[in-house]
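Naming: A, B, ... by sequence-line order, numbering from 1 per chain. Below, each value reflects all heavy atoms present in this structure, side chains not excepted, and no hydrogens, waters or symmetry copies.
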2 protein chains.
Amino acid sequence: MTSPRSPRTGSPADGSHGRHGADGVGGPSVRVPERGIPEATVARLPVYLRALTGLSERGTATCSSEELAGAAGVNSAKLRKDLSYLGSYGTRGVGYDVEYLRYQIAREIGVTQDWPVVIVGIGNLGHALAKYSGFSSRGFRIVALLDADPRRQGEEVAGLGVRPFEEVDALVERHRVAIGVIATPAVAAQEVCDRLVAAGVTSILNFAPAVLSVPEGVDVRKVDLSIELQILAYHEQRKTLADVLDGTPVASGAVRS
Amino acid sequence: MTSPRSPRTGSPADGSHGRHGADGVGGPSVRVPERGIPEATVARLPVYLRALTGLSERGTATCSSEELAGAAGVNSAKLRKDLSYLGSYGTRGVGYDVEYLRYQIAREIGVTQDWPVVIVGIGNLGHALAKYSGFSSRGFRIVALLDADPRRQGEEVAGLGVRPFEEVDALVERHRVAIGVIATPAVAAQEVCDRLVAAGVTSILNFAPAVLSVPEGVDVRKVDLSIELQILAYHEQRKTLADVLDGTPVASGAVRS
DNA sequence: AGGAGTTTGTGAACGGGAGAACAAACCGAG
DNA sequence: CTCGGTTTGTTCTCCCGTTCACAAACTCCT
Ligand SMILES: NC(=O)c1ccc[n+]([C@@H]2O[C@H](COP(=O)([O-])OP(=O)(O)OC[C@H]3O[C@@H](n4cnc5c(N)ncnc54)[C@H](O)[C@@H]3O)[C@@H](O)[C@H]2O)c1
Ligand SMILES: NC(=O)c1ccc[n+]([C@@H]2O[C@H](COP(=O)([O-])OP(=O)(O)OC[C@H]3O[C@@H](n4cnc5c(N)ncnc54)[C@H](O)[C@@H]3O)[C@@H](O)[C@H]2O)c1
């Protein structure tokens with residue numbers, strides 16, 4: 001069932017985004033910005049953006065790195081270093097202009113204009129995602145809801161009809177969709193992923209507990225709520241074990257058969 | 001509104017789990033295992049667990065690090081190093097016993113018995129979480145659904161009634177709840193978090209787009225779907241910008257005012 | 001104008017994780 | 001019992017990310 005029929009490049013679907021090479025040793029004559037922002041910084045920019053939006057709504061015109069770092073929940077030195085990758089947008093002795101910095105980060109992330117998004121699998125989670133109003137205010141517009149189950153199709157969710165999954169090619173092309181969300185059961189995830197990629201989607205957010213293989217050039221991010229809970233459980237167990245202070249009778253031996 | 005009344009220790013709510021010290025230089029006489037598993041490894045253990053469950057269901061008795069790494073989507077060297085933190089559970093020249101390793105990882109994570117969990121905020125997302133059947137098979141049991149809105153209360157979701165948030169203390173105590181899930185709007189998240197912690201919860205999974213401050217000893221993990229999409233958007237933008245091959249007219253200057 | 005105070009941007013040290021590579025250990029055949 | 005093939009566990013090296021610390025740059029007050 002899971003035997004790989006089509007030879008896909010088993011990309012990690014993790015941090016390593018297959019950089020498009022071009023790190024040639026050749027001459028730096030053309031003055032390409034070539035600003036490779038570290039992945040860890042990219043992951044924090046949206047947090048800064050949210051914090052700046054909050055400050056802006058509260059009427060704050062400027063803020064120091066200390067303030068912004070506090071609102072974002074990070075170290076101020078880390079914040080400054082992160083922002084320095086975008087350029088020198090602050091003023092020494094003063095701080096950052098909230099609106100100006102907010103726009104610069106939004107532009108850097110690419111959310112100054114909306115990204116069309118399709119959601120596949122309109123079950124429990126798909127419904128919640130479709131109804132969520134927060135996406136539209138953060139640079140995303142859900143343009144299609146797809147499901148393979150005929151009983152789901154036709155239903156209206158958040159002003160959008162659930163369409164048959166077969167229409168994926170037409171819809172992706174019509175709306176120029178680059179980002180797809182997978183909220184189907186795990187067994188269907190790889191198949192859905194392949195179809196999305198074939199239709200032209202090059203970025204995927206996967207909620208199904210499954211490892212996706214995608215060709216190079218396609219980014220995958222996964223959100224696994226069970227894993228998050230299990231990480232919490234691990235630390236929780238260590239807390240309570242620390243209370244017992246010894247536990248683990250011998251912890252070795254391990255007889256096995 | 002967001003002014004910190006009670007002086008909380010603004011903990012990062014990120015990787016740094018305030019280790020309970022005790023890394024004394026003193027005599028190692030009591031033979032404490034003291035196995036500090038790296039955070040990155042802890043985050044991958046649930047993935048291995050899921051992969052092993054899959055292999056087990058498919059009837060596989062043993063597997064090599066290569067196979068398991070493939071199923072988990074990681075490098076085999078990384079997998080072996082991760083597993084070595086738990087102990088030597090493999091057999092050289094043979095591989096790993098699937099059932100045995102599965103149990104060992106489950107025990108290490110702490111999901112050999114169920115963890116009781118409360119969900120706060122039974123809106124779009126809270127409903128989806130409450131109805132999700134995957135948690136129970138992965139070591140978690142949802143014991144209470146809480147909401148502040150009287151119109152939500154009394155509703156039955158997945159065989160569990162939605163209770164008033166005021167009952168949080170009684171429910172947490174009665175079920176010995178250590179893990180709480182926050183699915184309320186962002187403005188309510190800190191307040192809900194404080195109440196949960198006061199009730200005795202020491203691990204929190206936060207879906208609201210807000211930075212939570214918690215006292216030391218409490219772990220917070222956040223899941224922010226907008227951030228995931230924005231990270232994808234950033235890379236997507238760079239892909240299309242790479243196609244244009246130059247873009248960014250001058251990219252410097254930045255006149256401001 | 002000059003100086004004190006403030007805050008940014010960045011160089012440098014440091015720590016942790018990723019990956020390659022290899023010795024040790026195990027199995028099975030002969 | 002020995003030997004070749006296989007796979008683990010671990011060591012070593014490199015790289016990325018975090019954090020400290022400070023010079024440069026700006027404002028404001030005198
Ligand atoms: N609901 C949650 O809170 C939650 C939590 C963690 C993980 N997940 C994961 O998210 C995914 C969705 O969860 P859910 O609770 O919404 O499940 P669900 O069963 O309620 O919904 C799945 C939907 O996908 C559709 N579907 C199935 N196969 C399809 C295909 N090949 N193409 C298109 N659509 C298809 C189904 O018709 C259904 O509507 C699952 O993988 C689940 O493990 C969900
Ligand atoms: N729905 C999604 O797909 C999605 C996606 C990303 C992020 N989020 C975030 O998850 C959170 C929940 O989203 P949602 O769509 O379910 O929102 P929602 O408005 O549908 O549900 C929120 C629920 O929380 C309850 N609530 C409000 N204040 C409360 C309080 N003080 N105590 C207890 N309960 C309280 C409300 O009564 C409501 O039932 C939000 O913070 C949202 O930003 C949701």
inquiry  = For dT7(C) and S65(A) - does any side-chain N or O of the residue sit under 4.0 Å from the phosphate oxygens OP1/OP2?
reply    = no
request  = Could you work out which one of dT10(C), dT18(D), dG9(D) sits closest to the side chain of S84(B)?
outcome  = dG9(D)
query = Using a cut-off of less than 4.0 Å, is there contact between a side-chain N or O of N75(B) and OP1 or OP2 of dA20(C)?
reply = yes
ask   = D82(A) has an atom CG; how far is it from atom P of dT8(C), in whole Å?
value = 14 Å
ask   = Does any donor-acceptor pair link the side chain of K81(A) with the base of dG9(C) at a separation under 3.5 Å?
value = no
ask   = Atom OH in Y96(B), atom OG in S64(B): separation rounded to 0.5 Å?
value = 9.0 Å
request  = Let me know the distance between CD of E39(A) and C1' of dG17(C), rounded to the nearest Å.
outcome  = 16 Å
key: R92(A), nearest nucleotide to its side chain (from dG19(C), dC26(C), dT7(C))   = dT7(C)
message = Tell me whether the side-chain N/O atoms of Y96(B) come closer than 4.0 Å to OP1 or OP2 in dG9(D).
response = yes
query = Hey, what do you get for OH (Y48(A)) to CG (D82(A)), rounding to the nearest 0.5 Å?
reply = 3.5 Å
ask   = If you round to the nearest 0.5 Å, how far is CZ of R221(B) from CD1 of I179(B)?
value = 12.0 Å
request  = Take the protein atom NZ of K78(A) and the nucleotide atom P of dT10(C), then report the distance between them rounded to whole Å.
outcome  = 19 Å
key: dT8(C) OP1/OP2 closer than 4.0 Å to side-chain N/O of T91(A)   = no
request  = With DNA chain C as reference, determine whether A77(A) or G93(B) sits nearer its 5' end, using the nearest nucleotide of each.
outcome  = A77(A)
task = Can you tell me the distance, in whole Å, between the OH atom of Y89(A) and the P atom of dT10(C)?
result = 12 Å
note = To the nearest angstrom, the CG-C1' distance between L83(B) and dG17(C) comes to 16 Å
ask   = Given atom CD of E66(A) and atom P of dG9(C), what is their separation to the nearest angstrom?
value = 14 Å
query = Start at the 5' end of DNA chain C and walk down; is the nucleotide closest to V94(A) or to T41(B) reached first?
reply = V94(A)
ask   = In terms of side-chain heavy atoms of R80(B), which of dG17(C), dT10(C), dT8(D) is nearest?
value = dT8(D)
inquiry  = Output the rounded distance in Å from CG (L79(B)) to P (dG9(D)).
reply    = 10 Å
task = Using only heavy-atom distances, determine whether the side chains of S203(A) and D219(A) contain a donor-acceptor pair under 3.5 Å.
result = no
inquiry  = Using 0.5 Å steps for rounding, measure from the CD1 atom of I231(B) to the CD1 atom of I109(A).
reply    = 8.5 Å
